[in-house]
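Structure, as structure tokens:
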Amino acid sequence: MSIRSFDKLFIDGAWVEPHSDSVIEVVSPIDNTVIATVPEADTEDLNRAVAAARKAFDEGPWPRMSPQERAGYLKRIGDEVVKRIPEMSEAFTVEIGAPAAVSAAFHDNARKMWGDSSTLYERFEFEEDRTWADGGHGKLVREPVGVAAVIIPWNGPVATGSLKMGPALAAGCTVVFKPAPEGPVSTMLLAEAIEAAGLPDGVVNLVTGGREFGQQLVDHPDVDKVSFTGSTAAGRKIMASVADRIGRVSLELGGKSAAVITEDAPLEDVLSTLIFAGVANSGQVCAALTRVLVPRSRQDEVVSAMQEAYAGLTVGDPREETTVLGPLSSKRQQERVLDYIKIGVDEGARLVTGGGVPEGLDGGCYVEPTIFADVTPDMRIAKEEIFGPVVSVIPYDSIDEAVDIANGTEYGLSGAVYAKDDATAEAIARRIRTGQIGINTWDMCVTQPFGGYKQSGLGREGNVEGLGAFLETKLLMR
Ligand code: NAD
């Protein structure tokens, strides 16, 4: 098992020899073997990448082109990404453990995101005439914010990178892109797609490294904007770091989203989305529905239906067509999830199914899909993001209580409400403080505003709202 290794960094329009001689070993969670290496950039490499982005912004053509002209390049990136989806998917599957269907869905999202970014100019006024009360008039112009640091996690790197870089580039920003060290290879392929689209030198630069390296990028004085996706803990630290220079920041962070099932929701309609939304990509999806809120009278019915559905999920090698759940992304992630399962048991939640490493799969980072029932809202497994295939079923006694429980964590990223009629579901959904919420459905819609309330983040990605995150507003007065 191997995927392509890389020994260069993409800086100033070319693949260049890194200054650093360290490498990152990419370990496959399928069997814990090293499958590729990429350079581990150092401070000198970082400075070089930021300087290239700075120069491309201050002196280059990119921010000065018309939005329509930039859109032509974005369309080309989308086309180049599509050509590379098979290789990106393969890399993603072996470096992170995502089964083929999950990988296909993530990469298809990347295609949609570049498509969306390349048409933003058609529905967004970069300039508009304004008049105001005392007879003044002028023009409002929206200008790119500058050099953007784009920092992403490993759980969907090409899609997450595209969701940030598409709008950043559409706005006219230049980019320094830092993927996570756990899954860098598919993002190297994304950089190749960007290179093939022929953008001016320095507009996109890719450097690789871990947390401390990411922190150096955040702290770099020539970075005007940080667009970060990752854990709430890191987001909090990044926000504090940029505060000194009143740096611009957008944060897409963790989640603990709730599915509220009402008394009259027909279970057969709910189950297929509920199962997928809870444990897809082995639960390593920020918007996953990891809390299932059920009327106390329906808990047994819901739990036994979920238990039956989970028993039918094939866990195994993500390269096999029949596999529904692959391994967790790394040993660290597997240990974290198993620790949380122990916490749930110790807290007194009822372990209904799963809870361990599946038989015969102890060579990789696998965890069985796990359901806890009789979970109470104060338990840690009900409040903290586990980022694994672990779902907590929480009984409630009234809709008011269900809404309180749904709103009772520090997060607010996604959610779903299931009821017999949409109007009832919508009335409940409107009371839940979260960035996206499904009404008798669930999805992660990334071509519409995506992001979180509370500690799930700051700002929105996708569509014109995502574009706005990379723009400053200037009033020209006459
Ligand atoms: P993480 O926060 O540890 O790391 C994410 C990225 O940030 C990595 O590239 C890492 O190297 C870098 N990083 C970490 N600390 C940094 C710092 N102080 N300064 C600069 N860079 C830093 O997260 P993780 O555990 O790798 O990823 C999982 C988390 O990401 C989960 O909490 C998940 O919910 C979240 N996530 C959120 C979304 C969303 O859109 N809201 C999407 C995907 C994942």
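Values in this document were obtained by computation on a predicted structure and should not be read as measured data. All values below were derived from every heavy atom in this structure, side-chain atoms included, with hydrogens, water molecules and symmetry-related copies excluded. Note that ligands are numbered from 1 as they come in the structure, with each ligand's atoms numbered from 1 the same way.
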Just to confirm my output: which protein heavy-atom neighbour is closest to atom 23 (O) of ligand 1, and how far is it?
S231 N, 3.5 Å
So which of R236, E461, Q333, E252 gets nearest to atom 40 (O) of ligand 1, if we judge by its closest heavy atom?
E252
Purely on distance, is any nitrogen or oxygen of S456 under 3.5 Å from one on ligand 1?
no
Any donor-acceptor pair under 3.5 Å linking the side-chain atoms of S162 with those of W114?
yes
Are D108 and R111 within salt-bridge range, i.e. N to O under 4.0 Å?
yes
Can you check whether T323's main-chain N or O pairs, donor with acceptor, with T314's side chain at less than 3.5 Å?
no
Considering only protein heavy atoms, which is closest to atom 6 (C) of ligand 1, and at what distance to one decimal place?
I152 O, 3.4 Å
For F228, atoms of ligand 1 separated by under 4.0 Å from a heavy atom
2 (O), 6 (C), 7 (O)
Regarding ligand 1, does E385 bring an N or O atom to under 3.5 Å of one of the ligand's N or O atoms?
yes
A180: numbered ligand 1 atoms lying under 4.0 Å from its heavy atoms:
8 (C), 9 (O)
Do any nitrogen or oxygen atoms of L253 lie less than 3.5 angstrom from nitrogen or oxygen atoms of ligand 1?
yes
Short version for I238: what comes under 4.0 Å of ligand 1, heavy atoms counted, is side chain
Fit a plane to each ring of W15 and F10, take the angle between them on a 0 to 90° scale, and name the class: parallel (under 30°), tilted (30 to 60°) or perpendicular (over 60°).
tilted
Take atom 19 (N) of ligand 1 and look for protein heavy atoms under 4.0 Å from it; say yes if you find one, no if not.
yes
Can you check side-chain hydrogen bond (donor to acceptor under 3.5 Å, both in side chains) on E384 and Y340, steps first, answer last?
CA-CA 9 Å; E384 297 175 17; Y340 265 111; 2.5 Å; yes
Looking only at heavy atoms of G457, does any of them come nearer than 4.0 Å to an atom of ligand 1?
no
With heavy atoms of K178 as the reference, note each atom of ligand 1 found under 4.0 Å away.
8 (C), 9 (O), 10 (C), 11 (O)
Residue part near ligand 1, for A234, under 4.0 Å between non-hydrogen atoms:
side chain
E80/K83 salt bridge by N-O under 4.0 Å criterion:
yes
Counting only nitrogen or oxygen atoms and a 3.5 angstrom limit, does N155 reach ligand 1?
no
Looking only at heavy atoms of F213, does any of them come nearer than 4.0 Å to an atom of ligand 1?
no
Determine, for R430 against E426, whether the closest basic-nitrogen to carboxylate-oxygen distance falls under 4.0 angstrom.
yes
Could you tell me, atom by atom, which parts of ligand 1 come under 4.0 Å of a heavy atom of T229?
5 (C), 36 (N), 37 (C), 38 (C), 39 (C), 40 (O), 42 (C), 43 (C), 44 (C)
Salt bridge between R48 and D42, side-chain N to carboxylate O under 4.0 Å?
no
What residue and heavy atom of the protein are closest to atom 25 (O) of ligand 1, and at what distance?
W154 NE1, 4.0 Å
Atom 42 (C) of ligand 1 has as its nearest protein heavy atom C286 SG, 3.0 Å
Below 4.0 Å from any atom of ligand 1, is there a heavy atom belonging to L413?
yes
What's the shortest distance from atom 12 (C) of ligand 1 to any protein heavy atom, and which residue and atom give it?
I151 CG2, 3.8 Å
Top protein contact for atom 22 (C) of ligand 1, by heavy-atom distance
R211 O, 4.1 Å
Do any nitrogen or oxygen atoms of T232 lie less than 3.5 angstrom from nitrogen or oxygen atoms of ligand 1?
no
protein heavy-atom neighbour closest to atom 17 (C) of ligand 1 works out as Q215 OE1, 3.5 Å
Before accepting this row, confirm whether a basic side-chain N of the pair D222/K55 lies closer than 4.0 Å to the acidic partner's carboxylate O.
no
Regarding E87 and R4, does a basic nitrogen lie under 4.0 Å from an acidic carboxylate oxygen?
yes
Between K112 and D116, is the closest basic N to carboxylate O distance under 4.0 Å?
no
Evaluate the criterion side chain to side chain contact (heavy atoms under 4.5 Å, CB included) for residue pair M113 and V446; output intermediate values, then yes/no.
CA-CA 7 Å; M113 289 165 194; V446 287; 3.3 Å; yes
Contact summary for Y366 and P318, nearest pair of heavy atoms:
OH-CD, 3.9 Å
Any heavy atom of F450 under 4.0 Å from ligand 1? The part involved is side chain
Is there a donor-acceptor pair closer than 3.5 Å between any side-chain N or O of K454 and the backbone N or O of Y411?
yes
shortest atom 28 (C) of ligand 1-to-protein heavy-atom contact is with F387 CE2, 3.6 Å
Would you confirm whether E182, through its side chain, and S330, through its main-chain N or O, come within 3.5 Å as a donor-acceptor pair?
no
